[in-house]
Each structure stands twice: as structure tokens, then as C-alpha cells.
Number of protein chains: 2
Amino acid sequence: MNFSITEENYIKNIYHLQQQSELVNTNSLAFELQTKPASVTDMLKKLQIKNLLDYEKYKGFRLTNKGNKVAINIVRRHRLWEFFLVTKLGFEWDKVHSIAEELEHVSNQELIQKLDRFLNHPQIDPHGDPIPDGNGKIPIIHQLSIADVIENKKVIVSSVANQSPAILELLNHYHINIGTEIKINQRFSFDRSIEIKVGKYAPCIISELVAKNIFVHHE
Amino acid sequence: MNFSITEENYIKNIYHLQQQSELVNTNSLAFELQTKPASVTDMLKKLQIKNLLDYEKYKGFRLTNKGNKVAINIVRRHRLWEFFLVTKLGFEWDKVHSIAEELEHVSNQELIQKLDRFLNHPQIDPHGDPIPDGNGKIPIIHQLSIADVIENKKVIVSSVANQSPAILELLNHYHINIGTEIKINQRFSFDRSIEIKVGKYAPCIISELVAKNIFVHHE
DNA sequence: ATTTATTTTTAGACAAATCTAAAAAATATA
DNA sequence: TATATTTTTTAGATTTGTCTAAAAATAAAT
Ligand SMILES: [Mn+2]
Ligand SMILES: [Mn+2]
Ligand SMILES: [Mn+2]
Ligand SMILES: [Mn+2]
């Protein structure tokens, strides 16, 4: 089944609000979507008729199983595009959300499948959020900062805590990007600096401060 | 100024019809957009008010300078995405049009600029049509088949005449794709086969039939 | 337990884009 | 030139998504 862009935006935002509280209420969804409560009520009825929403007047609402599946698919598209924008087009982390907000509605199945393969099946988006797979499974991934990774482990960069231009400049210099594979070689006790190997580049040393700001995951 | 998806589809299709005849008429646009003439008339009025269209009742219509600029920008986005879909995601030529039909409406300037750079500023889309540059300039490029290229020339693959799975299989084997750089080494008179060098791969020989089906351009 | 305040829903209107059916204009034909 | 045909436009209705203002339900406060 196919949904309008508006419907998709409602579905996705209900999904996100559900992560915080069991039942979602009209006002908070209206705020999230920058619209009026009356408009939300109208759409709730429509989503209920399409079996995407469990909704009782005045009591709040939540997505049905079907609705959840649709939502997760939209989230998948959104985060894959975000990953693409950062790793392939060189966007900074804070610029990609609004663009992905549009791209997520291009809902050709084969497109997303091929994009996923092209990006090498990434598991975490540039903001550190998990990317659901094609079956709607959301990977549970424990991220940790490089400062906490044991020696000789290979990890993948998933996000960066401090997103200032200053750290960005440094990371570019190290060839470190979202999705980059890094091997932790050894830790030096004097200043807790760490020798790492970034992709196929020669090993280099990063400071403890940098290490603490880079979040990574295994596999 | 920003336009709705519907407006953009009208503008782009008027642009294309203009390439064939000076003035565009209501019926042919309606046919192109799979809609009714009455709907077209409504939109014509709207586009005229926005100074995108020169329109006189019953006389036909054409885009203004402003309208043309908008149209060319949409065409640019459409063809860049088509190029992306084929060269990066591995879509076949005949599958990309409908997807690009949606992607073309994501109209973030920086996105298109970065996509263009990522793709290495391609000049021809997978169907052999020119890609307008950021200033709206449309490159005039003479394409020719590899069979007609003189020896020792470097060329870029722009399109393939025969798009059957059979030739596709062969081209994949040769690592030939849209946008691939090819150097024509020498021609063998016995069967008119041609030795070429594809990208950084070792030189190989293609038959005259294959050569005739691959269209290329210089630079 | 009332009163007050907040949240949610309804009623009715509106803009964008579409449609059908009928009228008007332009073309083609006799 | 008069008539028939085709093309285009108008008139009026519909669908989707939105809004404001008012009513109804729920929650909080006295
Ligand atoms: Mn969105
Ligand atoms: Mn994200
Ligand atoms: Mn389109
Ligand atoms: Mn094309």
C-alpha cells in the first residue's frame, strides 16, 4: 500500500513519540508536525480507517503493528539517506536531516535496496541512531568512544559527540568519517593518546580528547 | 522561489514539448501529464500569474525566460539523479526514469551541487541527453559510437543503443558503464574488432557489433 | 463537589489540484 | 459561406489537507 507524503510524516512522528511514552496525544503530535491539533484529529481518523492506528477519542493513540512496520520503513529510508549525504556527498551531520526529510518519501523498494548495498549496509546513521534493515529489524548496537575500545579491535565510526568545525577539521585530516573502519593499535599511558589505523592509511596517533569524542561500534 | 511538485511537473513537460514546436497546446500537455485538458487550463492560469508562462487563451503557450530557467533546473536534477542511479547504484537504463521523476523534486541547492561534484560533473545522462550545468548552460556534445572514434583517443561512455540483458552482461564483463573512460588503442582490419583500455583495467578487445552499440563523447 | 483550566474534537470554511459536463472559440469540411 | 468537428475554456463539484472558532470531554484546583 502507498501513502501520501503527509500521511508518512504523521506516521513517522507518531512512531518517534511512541518511543518516549506508550500513548501519544494530539497536542504533542501537532507540535512536532508544526500544525494545529484540529488537523491532527482529522488525520488520526484517516489513519485509523487505514488500520494504521489504534485510536480512541480523547484517550490517545498508538500505531498498530501494520502502522509500526510502515513507520520503521520510513525511518530506514530517512537514515540511509542521511548516511549517504554525510559519507558520500560530504555533508556535515547537522545539515542532512531536513534533506532526508524529503528524500525519505521516494519510496521505490529497489532504490532503497540498492542504496543500502551501495552504502555497504550501514547499521548506524550519522547521529548515532540505528538503521532498520530491510525486514524492519532494528540493530541493537552498543556504541562506545574510542577511548574505551580495547587494543587490537577493529571498529566502525558511528557518530561524533562534538560536532564543531574545529574537530571536523581534525577528523578530515585523519581521514575519519562516519562509517570509516578503524583499528585500535595501542594506548600510550603518558597522555592516554592512542595509535589507530584508519582504513588503509598509515597508523597515526590521536589524543585522548579526540578519542573520547569519536563513537564507534563493532562489526 | 519555490514550486509545488505538480507545478514543477507541468513546467518541465511544457519545456520538453517546446523542443518540438514553438507553441505548446493544451491537449498535448494534458496527454503528456496523463491528465484532463480542463486541469491543464487551470494550471496555465496559475503559471501565467507567477510569470512563468506566456499564455493567450485559445492561442497556445510557452515558458517565459524565468519559466525556462526553472525548467532547466528541474531537468538538471532529473538527469543527475538518473546518472547517479545507473553509475552508482547499478540500475539499468530503462528503470531510472520513474525514480528520477520523484527525486527531481528534492530541490535543495547544496544537495544538487554536491551530487554533481560526487558524480564528477557528468555531461550526459544514461539516455544520451545533455545535463545542464549549475548556470543553466546545456552542453552541446557530439556523441559517436566507438566504431567511429579514431585511434589513441580517450572518450567517455554516454549511452548504449541496445539495452538488452545480453549486451548488459557483456558490458559488465568489460567493466563498461555510463561515465566510464575508455581509450581506443587500435582497430583490427580482419574483423574490425577494436582494442580498448577501460579505466585502469588491462586492455581488451571488443567486437565491431559491441563498438557500434556504445556511444561516447570527448572530454 | 463545584468551578476552572486544559485538551481534544466538531463544524464550517478555504486553498490546491483534480474531475465531468456544458459552453465557447477556432479549424476543418462541404 | 454555412455547417460540422475539434480544441479549449468555464462552471460547478470533489478530494486532500489545512485552518479558526466554538463545543465537548477530561484533568486540575479550590
Ligand atoms: Mn518527511
Ligand atoms: Mn538521523
Ligand atoms: Mn517529476
Ligand atoms: Mn534521461
Side-chain angles (χ1 to χ4, degrees), chain A residues 1-14 17-18 20-63 67 70-71 74 101-102 104-107, chain B residues 1-14 17-18 20-63 67 70-71 74 101-102 104-107:
Chain A
M1 197 171 260
N2 242 24
F3 304 100
S4 73
I5 290 175
T6 312
E7 286 171 328
E8 289 194 342
N9 282 331
Y10 271 91
I11 294 164
K12 195 187 70 173
N13 277 282
I14 295 170
L17 286 171
Q18 267 179 191
Q20 294 174 313
S21 64
E22 200 65 12
L23 278 175
V24 183
N25 49 309
T26 307
N27 266 354
S28 48
L29 182 54
F31 176 80
E32 215 64 38
L33 288 164
Q34 305 264 59
T35 186
K36 301 288 138 129
S39 310
V40 169
T41 303
D42 285 343
M43 182 59 87
L44 295 180
K45 289 176 193 164
K46 221 182 299 179
L47 295 178
Q48 187 181 36
I49 289 167
K50 295 193 179 184
N51 279 312
L52 297 166
L53 199 68
D54 278 333
Y55 167 50
E56 246 187 299
K57 263 191 189 179
Y58 293 106
K59 304 276 175 182
F61 47 90
R62 49 180 298 112
L63 293 170
V70 175
I74 303 166
E101 202 60 47
E102 296 188 50
E104 69 188 0
H105 304 293
V106 180
S107 58
Chain B
M1 198 172 259
N2 243 25
F3 305 101
S4 74
I5 290 175
T6 312
E7 286 171 328
E8 287 194 342
N9 283 331
Y10 272 90
I11 293 164
K12 195 186 70 173
N13 278 281
I14 295 169
L17 287 171
Q18 268 179 190
Q20 294 175 312
S21 64
E22 199 66 13
L23 277 176
V24 183
N25 49 308
T26 307
N27 267 353
S28 49
L29 183 54
F31 176 79
E32 214 62 39
L33 288 165
Q34 306 262 60
T35 186
K36 301 288 138 132
S39 311
V40 169
T41 303
D42 284 344
M43 181 60 87
L44 295 179
K45 289 175 193 165
K46 222 183 298 178
L47 294 178
Q48 188 181 36
I49 289 167
K50 295 193 179 185
N51 279 311
L52 297 166
L53 198 69
D54 278 334
Y55 167 52
E56 246 186 302
K57 263 191 190 180
Y58 294 105
K59 304 277 175 179
F61 48 90
R62 50 179 297 112
L63 294 169
V70 174
I74 303 166
E101 203 58 50
E102 297 187 50
E104 69 188 359
H105 304 293
V106 180
S107 59

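Quick note on labels: first sequence line is chain A, next is B, and so on, each numbered from 1. What you see below is based on every heavy atom in this structure, not just the backbone, and it leaves out hydrogens, waters and symmetry mates. Here the structure is a predicted model, which means the values were calculated and not measured.
We find that CD of A:Glu8 is positioned 11 Å from P of D:dG17, with the value rounded to whole Å. Going from atom CG of A:Leu29 over to atom P of C:dT9 covers 11 Å, rounded to whole Å. Residue A:Leu44 contributes atom CG, which lies 10 Å from atom C1' of C:dT8 at whole-angstrom precision. Regarding B:Glu56, its CD atom lies at a distance of 11 Å from the P atom of D:dT9, rounded to whole Å. A:Lys45 has its NZ atom 13 Å from the C1' atom of D:dG17, to the nearest Å.
With sequence neighbours excluded, the residues satisfying salt bridge (charged side-chain N to carboxylate O under 4.0 Å, His left out) with B:Glu22 are B:Arg62. Every residue was checked against the side chain to side chain contact (heavy atoms under 4.5 Å, CB included) condition with B:Ser21, not counting sequence neighbours, and none meets it. Partners of B:Thr26 under the side chain to side chain contact (heavy atoms under 4.5 Å, CB included) rule, at least two apart in sequence or in another chain, are B:Pro37, B:Val40, B:Thr41, B:Leu44, B:Phe61. Listed by chain and number, the residues in a side chain to side chain contact (heavy atoms under 4.5 Å, CB included) with A:Lys57 are A:Tyr55 (sequence neighbours excluded). Here B:Lys36 pairs with B:Ser39 under the side chain to side chain contact (heavy atoms under 4.5 Å, CB included) rule; sequence neighbours left out.
No side-chain heavy atom of A:Asp54 sits under 4.5 Å from any side-chain heavy atom of A:Leu63.
Proximity of A:Asn27 to the phosphate of C:dT6: no side-chain N or O atom is located under 4.0 Å from OP1 or OP2. At the phosphate of D:dT8, OP1 or OP2 sits under 4.0 Å from a side-chain N or O atom of B:Asn25.
As judged by a 4.0 angstrom heavy-atom cut-off over every strand, A:Tyr55 is placed among residues touching the sugar-phosphate backbone only.
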What is the per-nucleotide protein-contact pattern of nucleotides 15-28 of chain C, from the 5' end, where B denotes a base atom under 4.0 Å from a protein heavy atom, S denotes such proximity for sugar-phosphate atoms only, and - denotes neither? -SSBBB---BSS--
